[in-house]
There are 2 protein chains.
Amino acid sequence: MSTTPSSPVTHADRFARAREAQSVALLEDYAELIGDLHAEMGEARVADIAARMGVAQPTATKAVSRLKREGLATSRPYRGVFLTDTGTALADRVRRRHRTVVSFLVAVGVPEDVAELDAEGIEHHVSDQTLSAFDRFLSAGTPED
Amino acid sequence: MSTTPSSPVTHADRFARAREAQSVALLEDYAELIGDLHAEMGEARVADIAARMGVAQPTATKAVSRLKREGLATSRPYRGVFLTDTGTALADRVRRRHRTVVSFLVAVGVPEDVAELDAEGIEHHVSDQTLSAFDRFLSAGTPED
DNA sequence: TTTGAAACATAGCCTTGGCTATGTGGCATG
DNA sequence: CATGCCACATAGCCAAGGCTATGTTTCAAA
Ligand SMILES: [Mn+2]
Ligand SMILES: [Mn+2]
Ligand SMILES: [Mn+2]
Ligand SMILES: [Mn+2]
């Protein structure tokens, strides 16, 4: 039966996975947002990050600190926040995934605004394999174009 | 056109929604689990809850405290945890949603074990409207039976 | 060149959700 | 009926992610 059981994947494992996903979720969203701000306005200031995230300025500052600690960003006071190569790669990956999830939801009949709302949370729990399934579904639904 | 804009649903609103969803996620999983334990073993002991959630016993105790504070559960020391009517209703709703999400993912080509893993996180971010879309997709794919 | 507002940093507080270490109550068994 | 073990409670710690209040820099305009 080719499928090696290896580990049973317990109920507890699932929760551990969800917890881990949650811990990186914020970093992903901040990275994506910083990338967006650079694309749209040429720079990413802490104040703009805070505004877009809907948090207070010190909250954004702390998040940026964590991004720096994780090697995803750098920043110089009064001079904006910059993604490292790793950070940029993460942001791009996250942005593609975000768009795929939204498109997929819309494709199965979810209203666009609702899809956008739900995707913001769902995206962080979608594995590569599930994302592939979404992609396949989308290209299957678009045979000609 | 009938669609009243009312509010623009800003980027920040999306994050606020995701944060809120996350704050209730654990309560939902604990409620569902307590319901499962009652169904399977006739009672839900803190030790069993901890084991299934994959956390330390005091962590489960604290979660139960929060469930009680929110009016979702009661407990008597050395006598197990019980869901209130509200808690039972929540658990049932959450369980149905969990199953719908898993079935839906499988239906679009995600391997079962992966679907189960991803669903544990995704489920908490699926709105009623998206859940309806999933249900419609599932019944559409099953015309006869 | 002064100066004042905006941008940012810092301090201190809270809740949640983890953990370990350790105290205590219940109950079965000897 | 004594007692020891297991289940649970409690205390105390930590990091993350929020907040407000308040200091400090920068920069442009007067
Ligand atoms: Mn997101
Ligand atoms: Mn996103
Ligand atoms: Mn879950
Ligand atoms: Mn679940």
Side-chain angles (χ1 to χ4, degrees), chain A residues 11-34 37 41-82 120-121 124, chain B residues 11-34 37 41-82 120-121 124:
Chain A
H11 202 163
D13 293 334
R14 300 214 313 260
F15 290 118
R17 234 285 225 90
R19 280 195 299 268
E20 169 59 23
Q22 195 50 41
S23 98
V24 295
L26 260 208
L27 288 184
E28 293 183 340
D29 282 333
Y30 273 100
E32 181 184 1
L33 173 55
I34 291 168
L37 287 173
M41 329 212 281
E43 63 174 1
R45 308 294 292 236
V46 169
D48 298 328
I49 297 172
R52 288 249 191 141
M53 290 293 299
V55 299
Q57 166 256 310
T59 300
T61 298
K62 256 207 295 191
V64 169
S65 298
R66 198 176 154 209
L67 284 172
K68 293 198 281 187
R69 179 156 44 83
E70 306 277 343
L72 297 169
T74 61
S75 85
R76 291 163 52 206
Y78 301 91
R79 211 147 287 237
V81 180
F82 308 89
E120 199 58 70
H124 307 285
Chain B
H11 202 166
D13 293 333
R14 299 214 314 260
F15 291 117
R17 233 285 225 90
R19 280 195 299 269
E20 169 59 24
Q22 195 50 40
S23 100
V24 295
L26 260 208
L27 288 184
E28 292 182 342
D29 283 333
Y30 273 100
E32 181 184 0
L33 173 55
I34 291 168
L37 287 173
M41 328 211 283
E43 64 175 359
R45 308 294 291 234
V46 169
D48 298 328
I49 296 171
R52 289 249 191 141
M53 289 294 298
V55 299
Q57 166 257 309
T59 300
T61 298
K62 259 208 289 191
V64 169
S65 298
R66 198 176 156 210
L67 284 172
K68 292 197 282 186
R69 179 155 44 82
E70 306 277 342
L72 297 169
T74 61
S75 85
R76 290 163 53 206
Y78 302 93
R79 211 147 285 238
V81 181
F82 308 89
E120 200 58 72
H124 307 284

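Given the structure is predicted, the values throughout are model-derived calculations rather than measurements. Naming convention: chains lettered A, B, ... in sequence-line order (proteins, then strands); numbering from 1 in each chain.
The distance from atom CG of Leu27(A) to atom C1' of dA15(D) is 13 Å, rounded to the nearest whole Å. The CD atom of Glu20(B) sits 17 Å away from the P atom of dT15(C) (whole-angstrom rounding). Rounded to a whole Å, the NZ atom of Lys68(B) is 11 Å from the C1' atom of dC8(D). For Ile49(B) and dG17(C), the CD1 to P distance is 15 Å, given to the nearest whole Å. The interatomic distance linking Phe15(B) (CZ) with dG17(D) (P) rounds to 13 Å, in whole Å. dA9(D) atom C1' lies 16 Å from atom CZ of Arg79(B), rounded to whole Å. In this structure, Glu28(B) atom CD and dT16(C) atom C1' are separated by 16 Å, rounded to whole Å. Taking atom CZ on Arg76(A) and atom C1' on dA9(C), their separation rounds to 17 Å, with Å as the unit.
Among all heavy-atom pairs drawn from Ser75(B) and Lys68(B), the shortest one is OG-NZ, 2.9 Å.
Put simply, Thr61(B) has a side-chain N or O that comes within less than 4.0 Å of OP1 or OP2 on dA9(D). Phosphate contact (OP1/OP2 of dG17(C), side-chain N/O of Arg66(B), threshold under 4.0 Å): present. Here Arg19(A) reaches the OP1 or OP2 of dG18(C): one of its side-chain N or O atoms lies under 4.0 Å away. Taking only side-chain nitrogens and oxygens, Arg45(A) never comes nearer than 4.0 Å to OP1 or OP2 of dA9(C). In this structure, Arg69(A) reaches the dA16(D) phosphate: one of its side-chain N or O atoms is under 4.0 Å from OP1 or OP2.
The residue among Thr59(B) and Glu70(B) whose nearest nucleotide of DNA chain C lies closer to the 5′ end is Glu70(B).
To the nearest 0.5 angstrom, Arg45(A) atom CZ is 8.5 Å from Arg79(A) atom CZ. For the atom pair CG of Leu26(A) and CZ of Arg66(A), the computed distance is 7.0 Å after rounding to the nearest 0.5 Å.
Ala56(B) comes within contact range of at least one nucleobase, with a heavy-atom separation under 4.0 Å.
Checked against dT24(D), dG18(D), dG18(C), the side chain of Lys62(B) finds its nearest nucleotide in dG18(C). If you check dC8(C), dA16(D), dA9(D) against the side chain of Val46(A), the one that comes closest is dC8(C). Comparing dT10(D), dA9(C), dG17(C) by their nearest atom to the side chain of Pro58(B) picks out dT10(D). Distances were taken from every side-chain heavy atom of Tyr78(B) (C-beta onward) to each of dT10(C), dG18(D), dT24(C); the shortest belongs to dT24(C).
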From CA spacing to verdict: side chain to side chain donor-acceptor pair (under 3.5 Å), Glu28(B), His124(B): CA-CA 8 Å; Glu28(B) 292 182 342; His124(B) 307 284; 2.6 Å; yes
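Of the possible donor and acceptor atoms, none in the side chain of Thr59(B) sits under 3.5 Å from a partner among the backbone N and O of Val55(B).
Counting distance only, with no hydrogens placed and no angle test, the side-chain atoms of Gln57(A) and the base atoms of dA7(C) include no donor-acceptor pair under 3.5 Å.
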